[in-house]
Structure formats: structure tokens, C-alpha cells
Amino acid sequence: MSGRFITFEGIDGAGKSTHIEPTAAALRATGRSVVCTREPGGTELAERLRELVLHSAMDGVSETLLVFAARRDHVAKVIAPALARGEVVLCDRFTDATFAYQGFGRGQSLALLETLEAAVQEGLQPDLTLWFDLEPQVAAQRRAEARAADRFEAEDLAFFERVRAGYLARLNAAPERFMRIDASLGRSEVALRVAQALRERLDG
Ligand code: TYD
């Protein structure tokens, strides 16, 4: 059985993280080995870079470079080895988030992001990306009820409108890789759609 790389994406508050562990459990029940991880993060070095990116003031170029530095370590030490062992990797965010947040949200050059993406990933792309899509207004309400804001979560609605447009642009550039999930639906309905997407796309 070959490995599969599945990423979970969406604006803050869309609810993607809720669905990773249940998805892992469902896959394990079918006999698959599953690794759950996240970005920025997933290795000791990348988790340290995550702390900086989420909580230290810096400009957009530095932010972009740190996110990709974290990704390089994560791909080399965790993602690529797991895929080589034939495992399923479920990753909470990946490079689509960089295009959405640093590219569309912060206005960083998409050409720079493409260059870094190619250098860091050497062709590696997710097999399936689940995009939990939600109105920024609704996501902001959910966040307000849930937690203290980091550097991204503290941004305004206009920022999250741009991030959402970034995800849509990435979907349009690679529609065969993406599955858009309407995250305004209830949690159990969203879970059904995740399971359906995996059934349709995972073994294809
Ligand atoms: P998130 O994945 O929402 O984790 P949590 O549920 O713990 O808040 O937080 C990660 C933040 O990092 C999120 O606001 C988006 C941001 N981010 C980027 O800006 N660029 C990236 O490339 C990645 C992976 C994340």
C-alpha cells in the first residue's frame, strides 16, 4: 500500500483541527498506519519556529522564510519518511496555508512562494487537500468563543477574506487535489463529508 499525504486547510475557526483525530481513528480501523502532524511544526525545530511565527513581531519576508524553514525540516524528518513507509500522513495545514496567509493575506510575492515551494518540497504535494471553507464572519465568532488570538487570529475580517480568496485560487489551480467542504454545516455533517472524500480519493 503506498503512502498518502492528506492536508487539512481553512481559515482560523473553520474547524479543520476537530476532524483530524477522528479521521485518523477511522483510517486506523481499516488497518492503515497513520501519522498526525501539523504546520508550522511537527519536529522539535519546526515547533520552535512555530512559536516565533505565531507570537513574535516580524515582517512578511521573515515570516515566509521561517514557515518554509520549518516545512523543510518537517518534510525531511517526518512526512517523507512516513510516506516512504507506506503510511497515511494527516497534516494540519501545509503550503496552501502559506499561499493563503503569507501570499494573499500579507501580500508576499507569489513568485517567491513558488520558488520556495519548489526548493523545499522537491515536487512533494499532498494527494488530497480538504479545504474547510467558512465565511470569515462566522469563523471570527467561533474563534471569539474558543481561545486567545495569536498573530494571525488577531487580524481583521478583510485579512481573512483575502486568505479565503487565496485558498480558492489554490483550489482553482489544482482542482483534482482539492475537496472543498462547507464548514458552516454541523460537525457530524462535516465529518460525513470528510469520510466520503477519503473514500472517493484515498484509494484512487
Ligand atoms: P492553526 O493551524 O490554526 O493552529 P491552532 O488551531 O493551534 O490555532 O494555527 C496556525 C497559524 O499559522 C494559522 O493562523 C495560520 C498560520 N500559518 C501561516 O500563516 N502560514 C503557514 O504556512 C502555516 C502552515 C500556518
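Every number for a ligand or one of its atoms is a count from 1 in the order of the listing.
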What heavy-atom pair brings Ala82 and Val35 nearest, and what distance separates the two atoms?
CB-CG2, 4.0 Å
For [atom], what's the nearest protein heavy-atom neighbour? Residue, atom name and distance, please.
atom                    : answer
atom 13 (C) of ligand 1 : Asp12 OD1, 3.4 Å
atom 2 (O) of ligand 1  : Arg93 NE, 2.7 Å
atom 8 (O) of ligand 1  : Glu153 OE2, 3.2 Å

By number and element, which atoms of ligand 1 are closer than 4.0 Å to a non-hydrogen atom of [X]?
X      : result
Val67  : 21 (C), 22 (O)
Arg50  : 4 (O), 5 (P), 7 (O), 9 (O), 10 (C)
Phe152 : 12 (O), 14 (O), 16 (C), 19 (O)
Thr98  : 21 (C), 22 (O)

Could you label the plane-to-plane angle of the His19 and Phe132 rings as parallel, tilted or perpendicular, counting under 30° as parallel and over 60° as perpendicular?
parallel
Evaluate the ring planes of Phe160 and Tyr101, with Trp represented by its six-membered ring, and classify them as parallel (under 30°), tilted (30 to 60°) or perpendicular (over 60°).
perpendicular
Tell me whether the NZ or CZ atom of Arg162 lies within the 45° cone about the ring axis of Phe159 and under 6.0 Å from its centre.
no
Of the choices Gly10, Gly41, Ala97, which has the non-hydrogen atom that lies closest to atom 23 (C) of ligand 1?
Ala97
Side chain or backbone, does Gln102 bring an N or O within less than 3.5 Å of an N or O on ligand 1?
yes
One thing to verify: whether Glu63 and Arg151 come together as a salt bridge, which I'm taking to mean a side-chain N less than 4.0 angstrom from a carboxylate O.
yes
Would Arg72 and Glu122 pass as an ion pair if we require N to O under 4.0 Å?
yes
Residue-level breakdown please: for [X] versus ligand 1, do any non-hydrogen atoms fall below 4.0 Å on the side chain, on the backbone, on both, or on neither?
X      : value
Glu39  : both
Val53  : neither
Arg71  : side chain
Arg151 : neither

Is it the case that more than 12 heavy atoms not belonging to Arg187 sit under 6.0 Å from its CZ atom?
no
Can Leu54 be said to touch ligand 1, with heavy atoms closer than 4.0 Å?
yes
Side-chain heavy-atom pair Pro40, Leu49 within 4.5 angstrom cut-off
no
Of Leu130, Leu171, Thr129, the one forming a side-chain contact (heavy atoms from CB on, under 4.5 Å) with Met179 is Leu130
